[in-house]
Amino acid sequence: MNTVHELNRRHWDETAEGWERLRDEDGLWRRCSNEPELGFAGGALRLIRELADDVSDKDVCVVGSGDNYAAFALAGMGANVTSIDISAQQLAVASKRAKQLGLAITFAQADAANLRPVGDAQFDLVCSTNGFFTWISDLHAVFSEIFRILRPGGYYICYDIHPFQRPWKDQIRPIEVEKPYWQTGPFRDAKDGAFNFNWTLADILNPLAAAGFSLRRILESPAEDSRFWQGYSYLPGTDESLLDWSENPRSALPVWLTMALEKPARRY
């Protein structure tokens, strides 16, 4: 595990309890298996249904699984789900919740840049969700590993914060640039030493192409709920005006970047 990822692992282990309490407040994890749309944003679930088709009995991996809402959603849809995260504490919380929900999910701890517990060509679908890319120091390694564990013809479907949201100060008004778009980090948290990155669109797409993926679909979409602009809770937002670009200029830019990548089938 590289040094940056190790520090980020410690961060997530140390903050897992706090995130557990926060997610218990909104309680959506209890509903994801029956309402899979709660586990995704940015049209990702639509792409899964359109391209990966019926995931029932298919082998699916959620990498960088975090709060595991996507894993719970996919398991509820009948998939054979493996949840991989760098944090043992995050996985412990998710495993406990999966048992409460009666979901049979396999949990494995690994750095996404080195998925050693997983053999080649094990999955029909790999997913990652919001808040994954920002913690990754080596996208080339991550995308190469995801490509490796996919079966030929399988899909990697992901969504995350659109890079166009990264240069701005975290405020509604006035809209102010905090840094250049091309200043990607690493940025280090002064409190716990964790690192994050603000990758550009090119930083994301070029390693995907280098890994061997074919781009099948790309979506750019706005926030669907004002909660996006109101903090970390998954509770419904309380200020619909934040979705109006004339009130909140940053909402004039895409919030979500959603992609469907395919591992080309073998040719004989």
Side-chain angles (χ1 to χ4, degrees), residues 1-20 22-23 41-42 63-67 70 84-90 109-115 128-146 158-208 210-211 220 222-223 227-234 242 248-259:
M1 188 180 298
N2 69 44
T3 301
V4 168
H5 289 188
E6 170 61 19
L7 289 168
N8 289 349
R9 181 196 65 77
R10 294 179 188 176
H11 161 79
W12 283 109
D13 277 349
E14 291 168 1
T15 59
E17 185 177 347
W19 282 99
E20 180 181 11
L22 185 64
R23 293 295 170 245
V63 63
S65 52
D67 58 28
I84 298 178
D85 197 84
I86 200 168
S87 167
Q89 295 305 313
Q90 289 277 86
Q109 182 188 9
D111 183 346
N114 187 1
L115 298 173
S128 67
T129 61
N130 174 35
F132 178 54
F133 294 159
T134 191
W135 301 101
I136 300 299
S137 68
D138 188 347
L139 290 175
H140 283 273
V142 169
F143 295 151
S144 294
E145 282 291 85
I146 291 173
C158 58
Y159 76 95
D160 218 309
I161 300 294
H162 199 292
F164 291 174
Q165 289 291 337
R166 296 301 191 185
W168 313 100
K169 287 186 178 180
D170 190 17
Q171 59 192 31
I172 303 303
R173 283 187 181 276
I175 185 169
E176 295 181 88
V177 172
E178 184 174 50
K179 67 174 187 63
Y181 174 69
W182 296 277
Q183 186 178 328
T184 58
F187 305 103
R188 190 169 192 182
D189 189 291
K191 294 181 179 179
D192 62 15
F195 288 90
N196 65 82
F197 302 82
N198 289 177
W199 300 118
T200 68
L201 194 59
D203 291 331
I204 296 168
L205 291 177
N206 285 328
L208 286 166
E220 298 173 292
R227 70 183 179 217
F228 178 85
W229 304 105
Q230 294 182 281
Y232 296 111
S233 174
Y234 283 173
L242 296 178
N248 172 18
R250 285 172 62 196
S251 69
L253 295 169
V255 160
W256 301 119
L257 173 67
T258 307
M259 298 177 289

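What you see below is based on every heavy atom in this structure, not just the backbone, and it leaves out hydrogens, waters and symmetry mates.
- Taken from CZ in F187 to CG in N198, the straight-line distance is 5.0 Å, to the nearest 0.5 Å.
- In this structure, W199 and F197 have parallel ring planes: the angle between them is below the 30° cut-off, well short of the 60° mark.
- Heavy-atom neighbours of Q171 CD from other residues, nucleotides or ligands within 6.0 Å: above the threshold of 12.
- Heavy-atom minimum distance, G42 versus T258: O-OG1, 2.7 Å.
- With sequence neighbours left out, the side-chain hydrogen bond (donor to acceptor under 3.5 Å, both in side chains) criterion links D192 to H11.
- Closest heavy-atom contact between W229 and Q165: CH2-OE1, 3.6 Å.
- Under the 4.5 Å side-chain criterion, counting only non-hydrogen atoms from C-beta, T3 is not in contact with F195.
- By the 4.5 Å heavy-atom criterion applied to side chains, I204 and D160 are not counted as neighbours.
- No option in L208, D138, N206 other than L208 meets the side-chain contact (heavy atoms from CB on, under 4.5 Å) test with F143.
- Annotation: side chain of I161 is not in contact with side chain of T134 (no heavy-atom distance under 4.5 Å).
- Within the 4.5 Å cutoff, the side chain of V142 has heavy atoms near those of the F132 side chain.
- Taking every heavy atom of both residues into account, S87 and D13 meet most closely at OG-OD1, 2.6 Å.
- Looking at residues two or more places apart in sequence or on another chain, you find a side-chain contact (heavy atoms from CB on, under 4.5 Å) between E20 and D24, V93, K96, R97.
- Between W168 and P249, the closest side-chain pair of non-hydrogen atoms is not below 4.5 Å.
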Verdict with supporting geometry, M259 and L205, side-chain contact (heavy atoms from CB on, under 4.5 Å): CA-CA 10 Å; M259 298 177 289; L205 291 177; 3.5 Å; yes
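- Closest approach of H5 and S137 over heavy atoms only: NE2-N, 2.9 Å.
- Between the CG atom in N130 and the SG atom in C158 there is a gap of 11.5 Å [rounded to 0.5 Å].
- Minimum interatomic distance between A113 and E145 (heavy atoms only, all atoms of both residues): O-CG, 3.6 Å.
- Counting only heavy atoms from C-beta outward, the side chains of K179 and R166 approach each other to under 4.5 Å.
- In this structure, the side chains of Y159 and L257 stay at 4.5 Å or more apart for every pair of heavy atoms.
- Atom CG in N2 sits 9.0 Å away from atom CG in L7 (nearest 0.5 Å).
- Side chain of T200 to main chain of D203: a donor-acceptor pair is present (N/O by atom type, distance under 3.5 Å, no hydrogens or angles).
- Using modelled atom types, no side-chain atom of R9 and backbone atom of I86 make a donor-acceptor pair closer than 3.5 Å.
- In this structure, S128 OG and I84 CD1 are separated by 12.0 Å, a value rounded to the nearest 0.5 Å.
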Steps toward side-chain contact (heavy atoms from CB on, under 4.5 Å) verdict (W12, Q89): CA-CA 8 Å; W12 283 109; Q89 295 305 313; over 6 Å; no
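- Between the side chain of N8 and the backbone N or O of A194 there is no donor-acceptor pair closer than 3.5 Å.
- E220 places none of its side-chain heavy atoms less than 4.5 Å from the side chain of L253.
- Looking at every heavy atom in both residues, N114 comes nearest to A110 through O-CB, 4.2 Å.
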